[in-house]
Amino acid sequence: MPTGIATPLPEAEPASAASATPVAPPLLVGNAALADPVWAARVAQETGIPMRALLGYAGASLALAAEQSGCHLGWNTLAALGSVESGHGTHDGSALGADGTALPGIFGPALDGSAFAAISDTDRGAWDGSSEWDRAVGPLQFIPATWERWGADGNGDGVDDPQQIDDAALAAGRYLCHYGELSRPERWRTAVFAFNHVDSYVDTVAATANSYAVPAG
């Protein structure tokens with residue numbers, strides 16, 4: 001494991017909408033409505049994270065704090081993953097709509113063994129549009145087989161959609177929390193390493209998470 005790389009600061013806690021005077025816009029439903037929009041507007045401006053993406057990360061963190069109180073997953077870890085994986089849903093000209101869905105959809109390269117590990121089709125193209133090779137999907141780049149296990153409905157519409165930021169952030173959070181108490185640096189690194197088995201990837205996510213936590217504090 002590389003040395004000299006910062007591990008995440010204590011995970012940043014998003015403000016809850018319950019403590020806020022303004023009411024979240026009607027379009028924000030599910031987990032996104034849990035976060036204080038005033039806090040989100042400030043942090044979005046200070047970090048450069050698109051506000052709709054930030055609400056997805058913060059909402060998932062708040063939902064997981066109630067669902068799995070022993071996990072201690074901060075929104076900034078989810079935001080760091082979203083930044084590294086897709087530029088918060090902006091990869092290749094995509095953008096998150098007001099409903100949190102990436103348009104056009106975000107798809108990684110075919111996992112045909114040429115540049116990345118070979119993974120034959122597991123979803124008959126249902127999520128990734130390919131019936132030959134799997135492709136990572138959505139703003140948090142889930143492989144279809146992983147989404148099949150961890151897919152979540154973070155916006156409460158009854159559909160688990162990896163292209164929708166609330167769904168993807170909740171699924172990613174549950175995946176990470178599966179590794180235990182993430183306030184422990186070694187456990188945090190193990191969980192993020194499971195996302196991508198490269199130490200330099202973990203270091204980049206750690207540095208990005210730290211950079212988001214400081215202005216949001």
Side-chain angles (χ1 to χ4, degrees), residues 1-15 35 39-65 68 70-92 94-96 102 106 108-109 115-117 136-143 146 150 162 165-166 168-217:
M1 180 181 298
T3 59
I5 302 297
T7 52
L9 297 168
E11 294 285 7
E13 292 289 338
W39 171 89
R42 175 181 66 81
V43 174
Q45 183 174 21
E46 292 178 355
T47 61
I49 301 171
M51 185 166 173
R52 187 62 187 84
L54 181 58
L55 288 167
Y57 307 138
S61 176
L62 289 165
L64 286 163
Q68 301 185 46
C71 175
H72 305 295
L73 173 65
W75 67 269
N76 54 317
T77 291
L78 293 172
L81 289 171
S83 173
V84 172
E85 293 292 347
S86 72
H88 307 297
T90 64
H91 176 71
D92 201 23
S94 292
L96 298 181
I106 300 170
F116 301 95
V137 180
L140 283 163
Q141 289 290 275
F142 276 92
I143 294 171
T146 306
W150 293 100
I165 191 63
D166 305 320
L170 181 60
R174 286 175 174 168
Y175 180 84
L176 294 170
C177 285
H178 175 70
Y179 289 87
E181 184 182 349
L182 300 183
S183 60
R184 298 167 56 185
E186 72 281 3
R187 194 65 60 84
W188 184 94
R189 290 188 68 90
T190 297
V192 175
F193 185 83
F195 236 82
N196 188 333
H197 304 317
V198 180
D199 279 324
S200 60
Y201 175 89
V202 180
D203 295 336
T204 299
V205 173
T208 305
N210 283 342
S211 74
Y212 288 153
V214 173

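Predicted model, so just to flag it, every value in this text is computed and none were measured.
Here the CE atom belonging to Met51 is positioned 12.0 Å from the CD1 atom belonging to Ile49, to the nearest 0.5 angstrom. Distance check: Asp203 CG to Arg189 CZ gives 4.5 Å after rounding to the nearest 0.5 Å. The CG atom of Leu96 sits 8.0 Å away from the OG1 atom of Thr90 when rounded to the nearest 0.5 Å. Here the CH2-CG distance, from Trp39 to Leu55, works out to 8.0 Å after rounding to the nearest 0.5 Å. Taking CZ of Arg184 as the start and NE2 of His72 as the end, the distance is 11.0 Å to the nearest 0.5 Å.
For CD of Gln45, the number of neighbouring non-hydrogen atoms (other residues, nucleotides, ligands) closer than 6.0 Å is 12 at most.
Val43 places none of its side-chain heavy atoms less than 4.5 Å from the side chain of Tyr212. At a threshold of 4.5 Å between non-hydrogen side-chain atoms, the residues Thr77 and Leu182 do not count as touching. Side-chain contact check for Leu64 versus Cys71: every heavy-atom pair is 4.5 Å or farther apart. Looking only at side-chain heavy atoms (C-beta outward), Ile165 and Tyr57 come within less than 4.5 Å of each other.
Side-chain atoms of Ser61 never come within 3.5 Å of backbone atoms of Ala58 as a donor-acceptor pair (strictly under, hydrogens ignored). Of the possible polar contacts, none joining the Ser83 side chain to the Ala79 backbone as a donor-acceptor pair under 3.5 Å is found. Put simply, the side chain of Gln68 never gets that close to the backbone of Ala65: no donor and acceptor are under 3.5 Å apart. With hydrogens and angles disregarded, no donor-acceptor distance shorter than 3.5 Å links the side chain of Thr146 to the backbone of Phe142.
Using bins of under 30°, 30° to 60° and over 60° for the plane-to-plane angle, the ring pair Phe193/His197 lands in the tilted bin.
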query = Do Trp75 and Leu54 pass the side chain to side chain contact (heavy atoms under 4.5 Å, CB included) test, and can you show the C-alpha distance, the side-chain angles, and the key distance before you say yes or no?
reply = CA-CA 8 Å; Trp75 67 269; Leu54 181 58; 3.6 Å; yes

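By the side-chain contact (heavy atoms from CB on, under 4.5 Å) test, Tyr201 is found to be paired with Leu81, Val84, Glu85, Val192, Phe195, Asn196, Val198, Val205, residues two or more places apart in sequence or in another chain being considered. Listed by chain and number, the residues in a salt bridge (charged side-chain N to carboxylate O under 4.0 Å, His left out) with Arg187 amount to none (sequence neighbours excluded).
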